[in-house]
Amino acid sequence: MEATMWRRTSPHASNASIAFALMPDDKLCQQGGICLVKSLSIEDAFQWTQRLVAREWKLLLPVAFAFMAVPQLAFNLLMPAAIADSFAKGDPQLIMQLLEKAPWVMPSAIGVQVIALAGALSIAALALVPRISVREAIGLGLQRLFVLVVAMLLLFVAVVVLAFLVAALLQVLRLNSAGQKVILAGVIIGSTFVIWMRLITLAAVVAMSRAGPVASIRLAWELSAGAFWRILGCVLIYSIGAQVVVLASTFALGAIFVLTCSAIGAPSLGPVLSITYATLASAAFWAGFHVLAAGFYRQLGGSIRGA
């Protein structure tokens with residue numbers, strides 16, 4: 001089995017000219033199409049991400065806003081306030097009662113996440129495919145979206161099965177109810193976090209290969225082998241730094257929006273502007289995150305754009 005990746009066949013090729021073409025990796029040996037692990041440099045990952053974002057932000061931000069901000073903003077503005085409050089309170093019984101009165105909420109929430117996955121694939125393509133246009137990147141993302149969605153569903157099922165097995169084991173051990181809940185929550189959160197870190201290059205693998213859902217999971221898992229702690233360090237540094245900026249600007253501008261709109265006699269407009277900015281800032285955060293993940297893929301065995 002030979003590994004295949006996307007390549008633009010000419011500087012001004014059309015959508016039809018994007019094809020799977022063999023791209024041998026001079027930096028890595030290959031065994032059965034699986035790239036051997038190489039060292040992951042945190043400094044290189046951030047420098048490459050910074051250079052790419054500085055150079056291509058005019059392409060990245062519109063894609064992030066279209067796929068990650070607009071659907072989420074529409075969902076946030078349309079969702080009934082009572083349901084949002086029930087989620088904040090964490091009352092499962094109240095949440096189910098309210099969702100029964102608004103059955104469109106859950107399908108819409110799933111749809112928003114699926115659209116965000118298409119955005120992740122498009123951003124991965126923009127970061128990794130040389131000279132690709134936004135239209136071509138979106139086309140590639142939509143073409144490979146089904147594979148990524150199925151892969152995510154398989155991972156969700158795996159976590160659910162693990163949770164059931166742990167719950168059954170805890171019943172056999174006859175631990176008290178509070179202890180069972182703590183252990184079960186720890187297993188679910190811990191396993192989900194580890195899977196997320198190990199499969200952080202999944203979108204890039206799906207976008208850049210012919211692999212199906214199961215093969216994509218296996219490829220992403222093997223790419224990150226031996227690099228877990230460096231990936232975790234990169235993610236923590238980026239997340240903490242970026243979230244500080246996002247949260248600080250959201251609170252500051254949110255207060256300005258509310259006070260200004262109240263002063264001009266339109267108090268209801270302030271929260272809407274605050275939610276809009278928070279959603280746009282979140283989309284920018286995730287755009288940077290997906291570019292960073294593409295940088296991991298590049299170092300661990302993928303193609304290089306503009307390097």
Side-chain angles (χ1 to χ4, degrees), residues 37 40 72 75 79-80 82-114 116-117 120 146-203 205-206 211-240 243 247 282 285-286 289 293 296:
V37 176
L40 177 68
Q72 186 66 56
F75 178 77
M79 186 170 63
I83 295 180
D85 293 339
S86 67
F87 275 106
K89 294 177 181 177
D91 186 344
Q93 185 175 0
L94 179 60
I95 291 173
M96 294 306 299
Q97 291 175 354
L98 293 173
L99 289 178
E100 289 177 358
K101 298 179 182 179
W104 59 270
V105 171
M106 288 306 295
S108 299
I110 294 172
V112 168
Q113 297 306 313
V114 171
L117 291 178
F146 177 76
V147 175
L148 183 57
V149 170
V150 173
M152 298 299 290
L153 288 175
L154 291 175
L155 294 171
F156 174 77
V157 171
V159 172
V160 170
V161 170
L162 176 62
F164 274 114
L165 292 176
V166 172
L169 178 60
L170 292 175
Q171 289 291 334
V172 173
L173 296 176
R174 298 182 181 276
L175 297 176
N176 61 71
S177 178
Q180 289 184 11
K181 291 180 180 179
V182 170
I183 293 175
L184 184 59
V187 169
I188 294 174
I189 295 173
S191 61
T192 301
F193 184 76
V194 170
I195 290 172
W196 182 33
M197 290 296 101
R198 286 297 305 269
L199 298 179
I200 198 168
T201 61
L202 181 60
V205 169
V206 171
V214 176
S216 295
I217 292 172
R218 178 174 58 86
L219 285 166
W221 188 271
E222 294 190 9
L223 277 178
S224 63
F228 175 83
W229 294 110
R230 287 181 176 271
I231 290 174
L232 177 59
C234 285
V235 170
L236 289 177
I237 293 171
Y238 172 78
S239 299
I240 294 173
Q243 283 298 329
L247 293 176
S282 176
F285 166 83
W286 284 109
F289 181 89
F296 296 153

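Note that these values count all heavy atoms, side chains included, but never hydrogens, waters or copies made by symmetry.
- Distance check, rounded to the nearest 0.5 Å: CG of L153 to CG of L148 gives 9.5 Å.
- When all heavy atoms are compared, the tightest approach of L219 to A211 is CD1-CB, 3.8 Å.
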*Test side-chain contact (heavy atoms from CB on, under 4.5 Å) applied to I217 and V205, step by step*: CA-CA 8 Å; I217 292 172; V205 169; over 6 Å; no
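- For residues 146-170, the set of pairs meeting the ring-ring contact (aromatic ring centres under 6.0 Å, His included) definition, not counting sequence neighbours, is empty.
- Within 6.0 Å of CE in M152 there are 12 or fewer heavy atoms belonging to other residues, nucleotides or ligands.
- Put simply, the side chain of Y238 gets close to the backbone of F285: a donor and an acceptor are under 3.5 Å apart.
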Donor-acceptor contacts under 3.5 Å from residues 178-186 side chains, at least two apart:
{"from": "Q180", "atom 1": "OE1", "to": "Q171", "atom 2": "NE2", "distance (Å)": "3.3"}
{"from": "Q180", "atom 1": "NE2", "to": "L170", "atom 2": "O", "distance (Å)": "3.4"}
{"from": "Q180", "atom 1": "NE2", "to": "L175", "atom 2": "O", "distance (Å)": "2.9"}

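- Atom CD1 of residue I188 and atom CG of residue L162 lie 8.0 Å apart, to the nearest 0.5 angstrom.
- In terms of the side chain to side chain contact (heavy atoms under 4.5 Å, CB included) criterion, residue partners of V157 (sequence neighbours excluded) are, by chain and number, V161.
- Side-chain contact between L155 and V159 is absent, with no heavy-atom pair separated by less than 4.5 Å.
- The minimum heavy-atom distance between P213 and A151, with the atom names listed, is CB-N, 3.9 Å.
- The closest donor-acceptor contact from the side chain of S239 to the backbone of L236 lies at 3.5 Å or more, if one exists at all.
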*Test L169 against L165 for side-chain contact (heavy atoms from CB on, under 4.5 Å), laying out the working first.*
CA-CA 6 Å; L169 178 60; L165 292 176; over 6 Å; no
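- The heavy-atom pair separating L232 from F193 by the smallest distance is CD1-CZ, 3.3 Å.
- Partners of V194 under the side chain to side chain contact (heavy atoms under 4.5 Å, CB included) rule, at least two apart in sequence or in another chain, are R198, F228.
- Residue pairs meeting the side-chain hydrogen bond (donor to acceptor under 3.5 Å, both in side chains) criterion with at least one member in residues 147-156: none, sequence neighbours excluded.
- The distance from the CG atom of L202 to the CD1 atom of I200 is 10.5 Å, given to the nearest 0.5 Å.
- In this structure, CZ in F289 is found 10.5 Å from SG in C234, a value given to the nearest 0.5 Å.
- Side-chain atoms of V147 and S216, non-hydrogen and from C-beta on, do get closer than 4.5 Å to each other.
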*Candidate pair F296 and S224, rule side-chain contact (heavy atoms from CB on, under 4.5 Å), full reasoning*: CA-CA 8 Å; F296 296 153; S224 63; over 6 Å; no
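- For F75, there are no ring-ring contact (aromatic ring centres under 6.0 Å, His included) partners two or more places apart in sequence or in a different chain.
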